[in-house]
Amino acid sequence: MTAHIAVIGLVTSDLAASLAFYRRLGLVFPPGAEDQPHVEAELPGGLVLALDTEQTVRSFHPGWRPPTGAGRIALAFRCGSPAEVDARYEELVAAGHHGELKPWDAFWGQRYATVHDPDGNGVDLFAPLPAAAE
């Protein structure tokens, strides 16, 4: 059997804040998820985004510590249009999240922006530019 990626897991310092962030991006978590130590949202195609509290991770890995410095993971969300990239970026920044890169027209043919989730992970927002979609 060949291994295949099935879950992307993030460790969060504030589960409620992370749930609010990812819900703004359209992910659906079960009701009452804020009170759970581990929650999951199914993504299109069957992949799962899992969020664990730091306490949950320490329950089976007592020596675990949050990383320091810039993150090494980035999630990328495809938006329906370049205007949606701008709107999502503005919504997240207005909600208090750090805007790392304001929306811009990238040379590779996409409207592109980056915000940070509550734990500092980079979350890219992108959509094909009209000329690139033809």
Side-chain angles (χ1 to χ4, degrees):
M1 180 175 164
T2 302
H4 66 279
I5 188 164
V7 178
I8 298 169
L10 300 177
V11 180
T12 179
S13 59
D14 183 338
L15 184 59
S18 292
L19 288 167
F21 178 88
Y22 287 105
R23 283 177 171 147
R24 286 184 184 278
L25 289 169
L27 299 187
V28 177
F29 293 92
E34 292 80 1
D35 300 322
Q36 301 300 314
H38 171 91
V39 295
E40 298 181 354
E42 187 169 337
L43 306 174
L47 194 60
V48 171
L49 179 67
L51 302 178
D52 288 292
T53 65
E54 291 178 354
Q55 295 81 9
T56 299
V57 174
R58 284 191 192 106
S59 75
F60 61 84
H61 185 356
W64 182 86
R65 298 288 176 261
T68 58
R72 294 185 177 243
I73 185 171
L75 302 176
F77 284 75
R78 184 181 181 133
C79 298
S81 68
E84 186 182 347
V85 171
D86 294 0
R88 294 277 185 168
Y89 178 88
E90 291 303 325
E91 175 188 356
L92 292 165
V93 170
H97 301 288
H98 174 73
E100 179 69 17
L101 291 174
K102 291 182 180 182
W104 62 291
D105 293 342
F107 62 88
W108 56 83
Q110 294 175 333
R111 185 73 172 165
Y112 206 88
T114 303
V115 294
H116 287 164
D117 77 2
D119 290 294
N121 296 307
V123 177
D124 301 332
L125 308 170
F126 71 95
L129 291 169
E134 298 173 1

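Just so it is clear, the structure is predicted and the values come from calculations on it, not from any experiment.
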Practice problem: Of all the heavy-atom pairs spanning Val85 and Ala113, show the shortest one and how long it is. | Solution: CG1-CB, 4.1 Å

Quiz item: Just how far is it from atom CG of Leu49 to atom CD1 of Ile8, taken to the nearest 0.5 Å?
Solution: 6.5 Å

Quiz item: Are Leu51 and Trp64 joined in one hydrophobic group, where the rule is that I, L, V, M, F, W and Y side chains link up if heavy atoms are under 4.5 Å apart?
Solution: no

Practice problem: Output the distance between atom CZ (Arg111) and atom CZ (Phe126), rounded to the nearest 0.5 Å. | Solution: 14.5 Å

Quiz item: Taking C-beta and beyond as the side chain, do Asp119 and Val11 meet within less than 4.5 Å on heavy atoms?
Solution: no

Quiz item: By side-chain contact (heavy atoms from CB on, under 4.5 Å), which residues pair with Ala16, not counting sequence neighbours?
Solution: Asp14, Glu34

Self-check item: Close side-chain approach of Asn121 to Phe21, heavy-atom, < 4.5 Å
Solution: no

Practice problem: Give the other cluster members for Val48, using side-chain heavy-atom distances under 4.5 Å between Ile, Leu, Val, Met, Phe, Trp and Tyr residues; answer none if it is isolated. | Solution: Val7

Exercise. Please check if atom CZ in Arg78 has more than 12 non-hydrogen atoms from other residues, nucleotides or ligands closer than 6.0 Å.
Key: no

Quiz prompt | Rounded distance [0.5 Å steps], CG in Leu129 versus CD in Gln110 | solution = 7.5 Å

Quiz item: Tell me, do Leu10 and Leu75 make a side-chain contact under 4.5 Å, heavy atoms counted?
Solution: yes

Quiz item: Minimum heavy-atom separation for Ala33 to Leu15, with atom names?
Solution: O-CD2, 3.5 Å

Quiz item: Roughly how far, to the nearest 0.5 Å, is CH2 of Trp104 from OH of Tyr89?
Solution: 13.0 Å

Quiz item: Any idea which heavy atoms bring Pro82 and Pro128 closest together, and the distance?
Solution: CG-O, 3.5 Å

Exercise. Would you check if the side chain of Arg88 reaches a backbone N or O of Arg24 as a donor-acceptor pair within less than 3.5 Å?
Key: yes

Quiz item: Mind checking what makes salt bridge (Lys or Arg N to Asp or Glu O under 4.0 Å) contact with Asp117, not counting sequence neighbours?
Solution: none

Without placing hydrogens or testing angles, list every side-chain donor-acceptor pair under 3.5 Å for residues 95-103, not counting sequence neighbours.
from	atom 1	to	atom 2	distance (Å)
His98	NE2	Glu100	OE1	2.8

Practice problem: Taking atom types as modelled, find out whether His38 and Glu40 have a side-chain donor-acceptor pair closer than 3.5 angstrom. | Solution: yes

Self-check item: Spatial distance of atom CD (Glu91) from atom CG (Leu25) [nearest 0.5 Å]
Solution: 7.5 Å

Quiz item: How long is the gap from OG on Ser18 to CZ on Arg23, to the nearest 0.5 Å?
Solution: 11.0 Å

Quiz item: salt bridge (Lys or Arg N to Asp or Glu O under 4.0 Å) with Glu90: which residues, sequence neighbours excluded?
Solution: none

Exercise. Report yes if the side chains of Pro66 and Glu54 come closer than 4.5 Å at any heavy-atom pair, otherwise no.
Key: yes

Quiz item: Can Leu27 and Phe77 be said to form a side chain to side chain contact (heavy atoms under 4.5 Å, CB included), step by step?
Solution: CA-CA 11 Å; Leu27 299 187; Phe77 284 75; 4.1 Å; yes

Quiz prompt | ring pair (Phe, Tyr, Trp, His ring centres under 6.0 Å) partners for Tyr112, two or more places apart | solution = Trp108

